[in-house]
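Reading through the C-alpha coordinates given below for one structure.
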Amino acid sequence: MAKLLDKIIVVDLEATCWQGDPPPGETSEIIEIGMCLLDVTSGERSDKRAILVKPQHSNLSAFCMQLTTITPDMLADAPVFSEACQLLCDEYQSQQHTWASYGDYDRLMLAQQCETLDIPYPFGRSHINVKNLLALQMNLKREVGLQKGTALVGLPFEGTIHRGVDDAWNIAAVLQRVLLSRGG
(Lines give C-alpha, C1' and ligand atoms only; values in the text may rest on other atoms or scores of the structure.)
Protein backbone atom coordinates (compact mmCIF):
# COMPACT_ATOMS: atom_id res chain seq x y z
CA MET A 1 0.00 0.00 0.00
CA ALA A 2 1.60 3.26 -1.16
CA LYS A 3 1.98 6.06 1.38
CA LEU A 4 0.11 9.25 0.46
CA LEU A 5 2.03 12.34 1.56
CA ASP A 6 -0.17 15.10 0.12
CA LYS A 7 -2.41 15.52 3.16
CA ILE A 8 -2.20 14.88 6.89
CA ILE A 9 -5.33 13.66 8.65
CA VAL A 10 -5.57 15.67 11.87
CA VAL A 11 -7.61 13.93 14.58
CA ASP A 12 -8.93 14.74 18.03
CA LEU A 13 -10.93 12.23 20.03
CA GLU A 14 -13.49 12.77 22.73
CA ALA A 15 -14.42 9.87 25.00
CA THR A 16 -16.88 9.13 27.77
CA CYS A 17 -15.52 10.41 31.05
CA TRP A 18 -16.48 10.97 34.65
CA GLN A 19 -15.40 13.32 37.40
CA GLY A 20 -14.03 10.32 39.30
CA ASP A 21 -13.86 6.64 38.50
CA PRO A 22 -16.29 5.22 35.93
CA PRO A 23 -19.43 3.55 37.29
CA PRO A 24 -19.18 -0.23 37.71
CA GLY A 25 -19.33 -2.02 34.36
CA GLU A 26 -18.56 1.11 32.34
CA THR A 27 -15.35 2.01 30.59
CA SER A 28 -14.15 5.09 28.73
CA GLU A 29 -14.83 4.84 25.02
CA ILE A 30 -14.64 7.14 22.01
CA ILE A 31 -17.74 9.23 21.30
CA GLU A 32 -16.32 11.67 18.74
CA ILE A 33 -13.63 11.49 16.11
CA GLY A 34 -13.05 15.11 15.18
CA MET A 35 -10.94 15.51 12.09
CA CYS A 36 -9.84 17.67 9.24
CA LEU A 37 -7.30 17.46 6.46
CA LEU A 38 -4.16 19.58 6.23
CA ASP A 39 -2.76 20.01 2.73
CA VAL A 40 1.00 19.65 3.12
CA THR A 41 1.86 21.87 0.12
CA SER A 42 -0.60 24.74 0.52
CA GLY A 43 -1.15 24.59 4.29
CA GLU A 44 -4.90 24.77 3.70
CA ARG A 45 -7.24 23.07 6.16
CA SER A 46 -10.32 21.33 4.75
CA ASP A 47 -12.94 18.66 5.34
CA LYS A 48 -13.67 19.66 8.94
CA ARG A 49 -15.82 16.84 10.28
CA ALA A 50 -17.22 15.41 13.48
CA ILE A 51 -17.75 11.67 13.32
CA LEU A 52 -19.94 11.00 16.33
CA VAL A 53 -19.76 7.47 17.74
CA LYS A 54 -22.45 5.70 19.74
CA PRO A 55 -20.92 4.26 22.93
CA GLN A 56 -21.56 0.56 23.52
CA HIS A 57 -20.16 0.09 27.04
CA SER A 58 -20.79 3.38 28.82
CA ASN A 59 -23.22 6.25 29.19
CA LEU A 60 -22.59 9.96 28.98
CA SER A 61 -22.16 11.42 32.44
CA ALA A 62 -23.29 14.95 33.29
CA PHE A 63 -19.59 15.81 33.62
CA CYS A 64 -18.87 14.49 30.11
CA MET A 65 -21.81 16.34 28.57
CA GLN A 66 -20.72 19.60 30.18
CA LEU A 67 -17.10 19.12 29.11
CA THR A 68 -17.72 18.08 25.49
CA THR A 69 -21.20 19.58 24.80
CA ILE A 70 -22.10 16.17 23.34
CA THR A 71 -25.50 14.83 24.41
CA PRO A 72 -27.13 11.38 24.20
CA ASP A 73 -29.53 12.72 21.55
CA MET A 74 -26.56 13.62 19.34
CA LEU A 75 -25.31 10.01 19.57
CA ALA A 76 -28.65 8.24 19.19
CA ASP A 77 -28.27 7.59 15.46
CA ALA A 78 -24.47 7.71 15.33
CA PRO A 79 -22.48 4.77 13.98
CA VAL A 80 -20.79 2.38 16.39
CA PHE A 81 -17.00 2.47 16.70
CA SER A 82 -16.30 -0.24 14.10
CA GLU A 83 -18.42 1.62 11.53
CA ALA A 84 -16.66 4.91 12.30
CA CYS A 85 -13.26 3.25 11.79
CA GLN A 86 -14.43 1.76 8.48
CA LEU A 87 -15.64 5.20 7.39
CA LEU A 88 -12.13 6.62 8.03
CA CYS A 89 -10.61 3.88 5.88
CA ASP A 90 -13.15 4.12 3.07
CA GLU A 91 -13.60 7.89 2.79
CA TYR A 92 -10.16 9.16 3.79
CA GLN A 93 -7.78 6.27 2.95
CA SER A 94 -6.65 6.71 6.56
CA GLN A 95 -4.26 3.76 6.49
CA GLN A 96 -2.26 5.38 3.69
CA HIS A 97 -1.94 8.90 5.14
CA THR A 98 0.15 10.29 7.93
CA TRP A 99 -2.11 11.33 10.77
CA ALA A 100 -1.61 13.78 13.62
CA SER A 101 -3.04 14.47 17.04
CA TYR A 102 -2.19 16.76 19.94
CA GLY A 103 -0.38 14.52 22.39
CA ASP A 104 -0.35 10.75 22.60
CA TYR A 105 -3.75 10.21 24.25
CA ASP A 106 -5.61 9.92 20.95
CA ARG A 107 -3.19 7.39 19.44
CA LEU A 108 -3.20 5.26 22.59
CA MET A 109 -6.98 5.47 23.12
CA LEU A 110 -7.66 4.50 19.52
CA ALA A 111 -5.24 1.56 19.69
CA GLN A 112 -6.69 0.37 23.00
CA GLN A 113 -10.29 0.52 21.82
CA CYS A 114 -9.42 -1.27 18.56
CA GLU A 115 -7.62 -4.00 20.49
CA THR A 116 -10.39 -4.37 23.08
CA LEU A 117 -13.08 -4.68 20.40
CA ASP A 118 -10.88 -6.67 17.96
CA ILE A 119 -11.31 -4.04 15.25
CA PRO A 120 -8.60 -3.28 12.67
CA TYR A 121 -6.68 -0.10 13.50
CA PRO A 122 -7.90 2.56 11.00
CA PHE A 123 -4.58 4.41 10.59
CA GLY A 124 -1.14 3.56 9.32
CA ARG A 125 2.00 3.69 11.44
CA SER A 126 2.95 7.29 10.60
CA HIS A 127 1.74 9.51 13.45
CA ILE A 128 2.74 13.08 14.32
CA ASN A 129 2.45 14.18 17.95
CA VAL A 130 1.83 17.91 17.39
CA LYS A 131 2.04 18.72 21.12
CA ASN A 132 5.55 17.29 21.30
CA LEU A 133 6.61 18.74 17.95
CA LEU A 134 5.49 22.23 19.02
CA ALA A 135 7.39 22.01 22.32
CA LEU A 136 10.54 20.89 20.50
CA GLN A 137 10.23 23.50 17.76
CA MET A 138 9.68 26.35 20.26
CA ASN A 139 12.33 25.06 22.67
CA LEU A 140 9.81 24.82 25.53
CA LYS A 141 10.68 23.14 28.83
CA ARG A 142 7.48 21.07 28.67
CA GLU A 143 4.55 20.39 26.40
CA VAL A 144 1.59 22.77 26.67
CA GLY A 145 -2.17 22.42 26.22
CA LEU A 146 -3.89 23.18 22.93
CA GLN A 147 -5.22 26.62 23.88
CA LYS A 148 -1.74 27.69 25.01
CA GLY A 149 -0.29 26.09 21.87
CA THR A 150 -2.52 28.10 19.55
CA ALA A 151 -1.60 31.28 21.45
CA LEU A 152 2.13 30.49 21.20
CA VAL A 153 1.91 30.34 17.41
CA GLY A 154 -0.09 33.59 17.32
CA LEU A 155 -3.52 32.17 16.60
CA PRO A 156 -6.84 32.52 18.40
CA PHE A 157 -8.54 29.30 19.49
CA GLU A 158 -11.53 28.74 17.18
CA GLY A 159 -14.67 27.00 18.42
CA THR A 160 -15.37 25.01 21.56
CA ILE A 161 -12.56 23.37 23.54
CA HIS A 162 -13.13 19.62 24.08
CA ARG A 163 -15.20 19.27 20.92
CA GLY A 164 -13.13 16.98 18.76
CA VAL A 165 -14.08 18.69 15.51
CA ASP A 166 -12.99 22.12 16.77
CA ASP A 167 -9.89 20.80 18.51
CA ALA A 168 -8.79 19.01 15.30
CA TRP A 169 -9.25 22.25 13.33
CA ASN A 170 -7.05 24.13 15.82
CA ILE A 171 -4.45 21.35 15.94
CA ALA A 172 -4.19 21.53 12.14
CA ALA A 173 -3.59 25.29 12.39
CA VAL A 174 -0.80 24.76 14.93
CA LEU A 175 0.74 22.00 12.81
CA GLN A 176 0.57 24.21 9.74
CA ARG A 177 2.48 26.96 11.58
CA VAL A 178 5.09 24.48 12.82
CA LEU A 179 5.58 23.06 9.34
CA LEU A 180 5.82 26.53 7.79
CA SER A 181 8.41 27.65 10.33
CA ARG A 182 10.58 24.66 9.39
CA GLY A 183 10.32 25.25 5.65
CA GLY A 184 12.25 27.72 3.54
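Numbers for residues simply follow the sequence, beginning at 1.
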Completion exercise
Glu44 meets the salt bridge (Lys or Arg N to Asp or Glu O under 4.0 Å) criterion, sequence neighbours left out, with none

Exercise for the section: Can you see which heavy atom on Leu75 is nearest to which on Lys54, and at what distance? Expected result: O-CE, 3.4 Å

Exercise for the section: For Ser46, enumerate each residue passing the side-chain contact (heavy atoms from CB on, under 4.5 Å) test, keeping only those at least two apart in sequence or located in another chain. Expected result: Leu37

Problem - Partners meeting side-chain hydrogen bond (donor to acceptor under 3.5 Å, both in side chains) with Asp166 (sequence neighbours left out) - result: Lys48

Fill in the blank from the handout: Contacts satisfying ring-ring contact (aromatic ring centres under 6.0 Å, His included) that involve residues 124-148 (not counting sequence neighbours) are Trp99-His127

Fill in the blank from the handout: The reported gap from CG in Leu13 to CD1 in Ile31 (rounded to nearest 0.5 angstrom) is 10.5 Å

Fill in the blank from the handout: What one should report as the nearest heavy-atom pair of Leu5 and Val40 is O-CG2, 3.6 Å

Completion exercise
Applying salt bridge (Lys or Arg N to Asp or Glu O under 4.0 Å) to Asp6 and not counting sequence neighbours gives none

Completion exercise
Closest non-hydrogen contact found for Ala84 with Val53 is CB-CG2, 3.8 Å

Handout entry: Any residue meeting ring-ring contact (aromatic ring centres under 6.0 Å, His included) with His57, in chain and number order, not counting sequence neighbours
Key = none

Problem - Pairs satisfying salt bridge (charged side-chain N to carboxylate O under 4.0 Å, His left out), at least one member in residues 127-140, at least two apart - result: none

Problem - Sub-4.5 Å side-chain heavy-atom contact between Leu134 and Tyr102 - result: yes

Practice task
Indicate yes or no for a side-chain donor-acceptor contact from Asn129 to the backbone of Gly103 under 3.5 Å, with no hydrogens or angles considered.
Solution key: yes

Problem - Nearest-0.5 Å distance that lies between atom CE in Met74 and atom OG1 in Thr68 - result: 7.5 Å

Practice task
Answer yes or no: is there a side-chain heavy-atom contact under 4.5 Å between Arg45 and Trp169?
Solution key: yes

Practice task
May I have all residue pairs that pass side-chain hydrogen bond (donor to acceptor under 3.5 Å, both in side chains) and include part of residues 103-117, sequence neighbours excluded?
Solution key: Asp104-Arg107

Fill in the blank from the handout: The complete set of salt bridge (charged side-chain N to carboxylate O under 4.0 Å, His left out) pairs with one or both residues in residues 77-103, sequence neighbours excluded, reads Arg49-Glu91

Can you give the donor-acceptor pairs under 3.5 Å from side chains of residues 117-124 to other protein atoms, not counting sequence neighbours?
none

Practice task
Measure the CG-CD1 distance between Leu87 and Ile33 for me, rounded to the nearest 0.5 Å.
Solution key: 8.5 Å

Practice task
Can you measure from CG (Leu38) to OG1 (Thr98) and round to the nearest 0.5 angstrom?
Solution key: 11.0 Å

Problem - Heavy-atom closest pair, residues Leu60 and Thr71 - result: CD1-C, 3.5 Å

Problem - Where Met35 and Ile9 come nearest, the two heavy atoms and their spacing - result: CE-CG2, 4.0 Å

Problem - Value rounded to 0.5 Å, distance of CE in Met109 from OG in Ser101 - result: 13.0 Å

Handout entry: Close side-chain approach of Leu88 to Ile51, heavy-atom, < 4.5 Å
Key = yes

Practice task
Name all pairs fulfilling the side-chain hydrogen bond (donor to acceptor under 3.5 Å, both in side chains) condition that reach into residues 17-43, sequence neighbours left out, sorted by first residue then second.
Solution key: Lys7-Asp39, Glu26-Asn59, Glu29-Ser58, Glu32-Arg163, Asp39-Ser42

Exercise for the section: Work out which heavy atom in Ala168 is nearest to a heavy atom in Val11; give both atom names and the distance. Expected result: CB-C, 4.3 Å

Practice task
Treating Ile, Leu, Val, Met, Phe, Trp and Tyr as nodes and any side-chain heavy-atom pair under 4.5 angstrom as an edge, say whether Ile171 and Val165 lie in one connected cluster.
Solution key: no

Which pairs would a plain distance check flag for residues 143-156, meaning a side-chain donor or acceptor within less than 3.5 Å of a matching protein atom at least two apart in sequence or in another chain?
residue, atom, partner, partner atom, Å
Glu143, OE2, Asn132, ND2, 2.9
Thr150, OG1, Leu146, O, 3.4
Thr150, OG1, Gln147, O, 2.8

